[in-house]
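Here is the structure we will look at, set down as structure tokens.
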Amino acid sequence: MCIRDRYMGSDTHPKVKEIANSALKEIGQTIKNPEISENVDILIKALSDPYEQNKNALSILLKTRFAHMLDPPALSFVMPVLEYALRSRVSEAKQDAAQIVGSISRLIKDPRDLASYTCLLYTSPSPRDS
């Protein structure tokens, strides 16, 4: 199964956005990876408004020195940011996302944790990319 659901925090209805952000903050408290947990607020902003905030989150992730294993809650915050960048038309964003994927791939303890996201990483190129 591939996770493709969009984050509800980007919904235009304020109540939906509020509930989604509240749920993400609760999930963020369960993250064991210190590098991700200290950036949860930035990642939530990127999930809420990817058009405006994804570049900032990507920049933070790119500067982060990952030293601890990534748990499933941490992946649930990072992977949508990387997916957005990989689908971007901006080549720099794609390059940055690919570099982050390389950095975190060795820190995933159980490969099954990443299985839900592999379809996001191995998407077929669009006709425009040819």
Side-chain angles (χ1 to χ4, degrees):
M1 182 176 114
C2 179
I3 296 175
R4 285 209 180 272
D5 295 335
R6 295 286 176 227
Y7 168 62
M8 296 303 293
S10 59
D11 193 282
T12 56
H13 194 283
K15 190 69 174 170
V16 173
K17 188 177 241 181
E18 178 186 333
I19 292 168
N21 283 338
S22 175
L24 270 183
K25 287 179 183 177
E26 286 183 37
I27 294 168
Q29 293 174 353
T30 68
I31 294 174
K32 294 180 178 119
N33 179 289
E35 294 91 7
I36 300 300
S37 65
E38 69 186 27
N39 292 306
V40 164
D41 291 335
I42 293 166
L43 294 170
I44 290 174
K45 286 179 185 176
L47 294 171
S48 297
D49 186 7
Y51 184 76
E52 294 292 330
Q53 300 294 326
N54 204 71
K55 185 176 181 179
N56 182 43
L58 201 61
S59 174
I60 296 295
L61 291 173
L62 194 60
K63 293 175 188 173
T64 301
R65 286 222 175 279
F66 291 99
H68 299 87
M69 299 304 261
L70 287 166
D71 54 330
L75 284 172
S76 71
F77 278 77
V78 172
M79 294 309 293
V81 172
L82 297 178
E83 177 201 10
Y84 188 85
L86 289 169
R87 293 185 183 277
S88 171
R89 292 183 179 183
V90 180
S91 62
E92 182 182 345
K94 290 181 181 188
Q95 291 170 349
D96 290 349
Q99 187 172 348
I100 294 165
V101 169
S103 297
I104 66 172
S105 62
R106 62 183 170 77
L107 296 172
I108 297 170
K109 188 174 187 176
D110 186 350
R112 291 176 293 187
D113 294 341
L114 191 59
S116 299
Y117 302 103
T118 54
C119 63
L120 304 179
L121 300 175
Y122 298 110
T123 57
S124 59
S126 70
R128 292 185 204 153
D129 295 338
S130 311

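Every heavy atom of this structure was used, including side-chain atoms; hydrogens, water molecules and symmetry mates were not.
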N/O donor to acceptor pairs below 3.5 angstrom from side-chain atoms of residues 52-62, sequence neighbours left out:
{"unit_1": "N54", "atom_1": "ND2", "unit_2": "V81", "atom_2": "O", "d": "3.3"}

Extract all donor-acceptor atom pairs below 3.5 Å that involve side chains of residues 38-47 and protein atoms in other chains or at least two apart in sequence.
{"unit_1": "N39", "atom_1": "ND2", "unit_2": "E35", "atom_2": "O", "d": "2.9"}

Contacts table for residues 69-80: side-chain donor-acceptor under 3.5 angstrom, sequence neighbours left out:
{"unit_1": "D71", "atom_1": "OD2", "unit_2": "K32", "atom_2": "N", "d": "3.0"}
{"unit_1": "S76", "atom_1": "OG", "unit_2": "P73", "atom_2": "O", "d": "2.6"}

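Residues A85 and A93 approach most closely at CB-O, 3.7 Å, considering heavy atoms. When every heavy atom of Y51 is checked against every heavy atom of Y84, the shortest pair comes out as CA-OH, 3.4 Å.
If you take CD on Q29 and CD1 on I31, they are separated by 10.0 Å, rounding to the nearest 0.5 Å. Between I36 atom CD1 and I104 atom CD1 the span is 7.5 Å, to the nearest 0.5 Å.
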